[in-house]
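The basis for the numbers below is simple: all heavy atoms, side chains too, and nothing from hydrogens, waters or symmetry mates. The residues of the chain are indexed from 1 along the displayed sequence.
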Amino acid sequence: MVAEKDLEAALDLVRAEAAGPVAGVFGPASVTWRMDREAVIFLGAGRALLLQLAHPWVAAAIAEHSKTLADPIGRFHRTFDIVFAMVFGSLDRALLSSRQLYRRHSMIVGEMPETVGPFAAGSRYRANDIPALRWVHATLVETALMAHDLVLPPLSAEERERYWAESRLFGALFGLTGDDLPADWSGFAAYTAAMGQSDTLTVSPAAREIAAQIFGGARPWLRPPRWYRALTARMLPERMRAGFGFELEARDIRAADNALTWIRRVYPKLPDRLRYVGPYQEAQARLRGEPRPDWMIRCLNRAWIGRSQMDVRGKG
């Protein structure tokens with residue numbers, strides 16, 4: 001378990017390694033900013049969510065404690081509000097978001113309703129459990145890189161190592177220490193490969209139901225398009241794809257291929273104001289000494305985080 005004192009010790013490390021009070025944890029020279037500013041990273045959001053659901057503790061916690069199905073847009077905004085604040089917020093904002101996430105996780109405890117994989121019915125789950133946090137962190141890190149490399153020039157080996165070093169600092173915002181995470185990219189790749197084959201990842205009935213609701217669309221106007229569902233399924237390891245019951249027909253594959261072809265052609269030509277997420281543009285404005293982002297950034301922030309300004313709490 002990550003105790004509060006463990007989190008504070010990890011945040012001391014973040015302060016020592018951070019780019020600066022205004023630049024935040026990573027700053028404009030980081031690989032993390034360069035990758036996470038891209039709106040195209042959203043191509044991997046479905047994959048990351050499904051891989052998290054494949055952990056029985058995560059699926060049980062979402063089924064019992066989350067409003068994902070009742071308020072999917074709100075869930076989207078809350079998730080990206082936390083992540084973008086950690087990545088693009090000022091240092092104080094990132095640390096605040098880390099503590100808020102920890103407190104939220106501290107309230108998520110319960111018992112497994114049934115035996116799933118190695119987790120017996122009645123065994124307790126805790127959101128601040130280190131192995132569970134390590135897996136959630138891994139899904140975010142790996143999927144962001146995969147989505148980036150689907151559309152944009154892939155990172156070099158040296159850039160990938162830098163990205164992982166920065167991702168270890170990102171993990172500290174979850175309360176994870178250097179001992180909790182692999183030392184380099186090859187170690188991280190080995191960890192994700194081992195998890196993919198481990199029965200720790202077992203798709204439970206709760207996980208399948210949540211996935212079916214999200215990707216099948218209880219509300220037609222919220223249903224992801226066919227190409228996105230197909231692309232998400234293709235990005236999953238085969239065992240996970242089968243566990244969730246995804247079947248790819250020829251027309252699904254064609255839809256995903258056609259969409260990717262169009263995105264790869266059009267996306268790199270978009271102006272930065274449309275291509276980069278609002279929180280990144282707000283961070284750049286902050287570095288220029290502009291305390292309030294302009295109207296377009298505020299509109300983009302509304303779409304990404306549900307508020308007009310990342311570094312101000314309240315209604316925005």
Worksheet item: Under 3.5 Å, is there a donor-acceptor pair between the Ser186 and Asp184 side chains?
Response: yes
For Asp81 and Ser97, the nearest pair of non-hydrogen atoms, with its separation, is O-OG, 4.5 Å
Next item on the list: Would you check, one step at a time, whether the test side chain to side chain contact (heavy atoms under 4.5 Å, CB included) holds for Arg229 with Asp252?
Entry: CA-CA 8 Å; Arg229 299 197 303 271; Asp252 297 321; 5.9 Å; no
So the salt bridge (Lys or Arg N to Asp or Glu O under 4.0 Å) pairs with at least one residue in residues 41-61 (sequence neighbours excluded) are Arg47-Glu142
Just list the side-chain donor-acceptor pairs under 3.5 Å for residues 14-32, sequence neighbours left out, or say none.
| from | atom 1 | to | atom 2 | distance (Å) |
| --- | --- | --- | --- | --- |
| Arg15 | NH1 | Asp12 | OD1 | 2.7 |
| Ser30 | OG | Gly27 | O | 2.7 |
| Ser30 | OG | Trp33 | N | 3.1 |
| Thr32 | OG1 | Glu166 | OE1 | 2.7 |

*Yes or no on side chain to side chain contact (heavy atoms under 4.5 Å, CB included) for Val277 and Leu300, after CA distance, side-chain angles and deciding distance?*
CA-CA 7 Å; Val277 299; Leu300 288 170; over 6 Å; no
Shortest non-hydrogen pair, Ser167 vs Val141, comes out as OG-CG1, 3.5 Å
Item to check | Hphob cluster co-occupancy, Leu43 + Ile253, side-chain heavy atoms under 4.5 angstrom | outcome: no
* Is a side-chain N or O of Arg134 found less than 3.5 angstrom from the main chain of Asp180, in a donor-acceptor match? -> yes
Residue pairs passing the salt bridge (Lys or Arg N to Asp or Glu O under 4.0 Å) test with at least one member in residues 19-35, sequence neighbours excluded, are Arg34-Glu159
All heavy atoms of Tyr267 vs all of Val40, minimum pair found to be OH-N, 3.4 Å
Applying side-chain contact (heavy atoms from CB on, under 4.5 Å) to Thr232 and not counting sequence neighbours gives Leu50, Phe215, Tyr228
> Would Met195 end up clustered with Phe119 when hydrophobic side chains under 4.5 Å apart are linked, directly or stepwise?
Replying inline: no
Tightest non-hydrogen contact, residues Pro56 and Val116, listed as CG-CG1, 3.6 Å
side-chain contact (heavy atoms from CB on, under 4.5 Å) filter on Ala144, not counting sequence neighbours, yields Met35, Asp36, Ile41, Tyr163
Output for pair (Leu145 CG, Leu140 CG), nearest 0.5 Å, gives 13.0 Å
**Q.** 4.5 Å side-chain heavy-atom contact, Phe80 and Pro279
**A.** no
Which of Phe188, Phe170, Tyr191 passes ring-ring contact (aromatic ring centres under 6.0 Å, His included) with His137? Answer is Phe170
(Q) Do Gln100 and Ile82 make a side-chain contact, defined as non-hydrogen atoms from C-beta onward lying under 4.5 Å apart? (A) no
The reported gap from CG in Leu270 to OH in Tyr276 (rounded to nearest 0.5 angstrom) is 10.5 Å
Residue pairs passing the salt bridge (Lys or Arg N to Asp or Glu O under 4.0 Å) test with at least one member in residues 94-104, sequence neighbours excluded, are Glu8-Arg99
Flag side-chain contact, heavy atom, 4.5 Å: Met296 against Gln281: no
Main-chain N/O of Arg307 paired to His77 side chain as donor or acceptor, under 3.5 Å | no
Check: With no hydrogens and no angle check, is any side-chain donor or acceptor of Asn301 less than 3.5 Å from a backbone partner on Arg298?
Finding: no
Separation between CZ (Arg208) and CZ (Phe244), nearest 0.5 Å, reads 8.5 Å
Contacts of Asp294 meeting salt bridge (charged side-chain N to carboxylate O under 4.0 Å, His left out) (sequence neighbours excluded), chain-then-number -> Arg273
Item to check | Any donor-acceptor pair under 3.5 Å from Glu64 side chain to Ile108 backbone | outcome: no
Quiz item: Are any side-chain N or O atoms of Arg168 and backbone N or O atoms of Leu181, one a donor and one an acceptor, separated by less than 3.5 Å?
Solution: yes
Legend entry - Transitive ILVMFWY side-chain link Tyr125 to Met1, under 4.5 Å: no
Residue set satisfying side-chain contact (heavy atoms from CB on, under 4.5 Å) with Ala259, at least two apart, ordered chain then number -> Trp227
The reported gap from CG in Leu173 to CG in Leu7 (rounded to nearest 0.5 angstrom) is 8.5 Å
If we ignore hydrogens and angles and just use 3.5 Å, is the side chain of Ser106 paired with the main-chain N or O of Tyr102 as donor and acceptor? yes
Using the rule that Ile, Leu, Val, Met, Phe, Trp and Tyr join whenever any side-chain heavy atoms are under 4.5 Å apart, tell me whether Met107 and Val58 fall into a single cluster.
no
d(Asn128 CG, Asp6 CG) to nearest 0.5 Å is 10.0 Å
- Query: Any donor-acceptor pair under 3.5 Å linking the side chain of Ser204 with the backbone of Ala207?
  - Reply: yes
Students should find that the hydrophobic cluster of Ile297, defined by side-chain heavy atoms under 4.5 Å apart, otherwise consists of none
Contacts satisfying salt bridge (Lys or Arg N to Asp or Glu O under 4.0 Å) that involve residues 255-268 (not counting sequence neighbours) are Arg234-Asp257
Please check: side-chain N/O of Ser308 versus main-chain N/O of Arg302, any donor-acceptor pairing under 3.5 Å? no
So side chain to side chain donor-acceptor pair (under 3.5 Å) across residues 48-60, not counting sequence neighbours, yields Gln52-Thr139
Is there a donor-acceptor contact under 3.5 Å from the side chain of Asn258 to the main chain of Arg254? yes
Between Leu169 and Leu13, the two heavy atoms sitting closest are CD1-O, 4.4 Å
Quick note, side chain to side chain donor-acceptor pair (under 3.5 Å) partners involving residues 235-250, not counting sequence neighbours, are Glu249-Arg251
| message | Is there a path of hydrophobic side-chain contacts, each under 4.5 Å between heavy atoms of I/L/V/M/F/W/Y residues, joining Met112 to Leu53? | response | no
Could you go through the side chain to side chain contact (heavy atoms under 4.5 Å, CB included) check for Trp304 and Tyr280 one step at a time? CA-CA 11 Å; Trp304 283 102; Tyr280 167 78; over 6 Å; no
Polar side-chain atom of Trp135 near backbone of Leu51 as donor-acceptor pair, under 3.5 Å
yes
Indicate yes or no: at least one non-hydrogen side-chain atom of Glu161 is less than 4.5 angstrom from one of Leu155.
no
Shortest non-hydrogen pair, Pro293 vs Glu282, comes out as CG-CG, 4.2 Å
Test log, rule side chain to side chain contact (heavy atoms under 4.5 Å, CB included), inputs Met240 and Leu201
CA-CA 8 Å; Met240 296 297 101; Leu201 298 187; 4.2 Å; yes
Q. Tell me, do His105 and Val2 make a side-chain contact under 4.5 Å, heavy atoms counted?
A. no
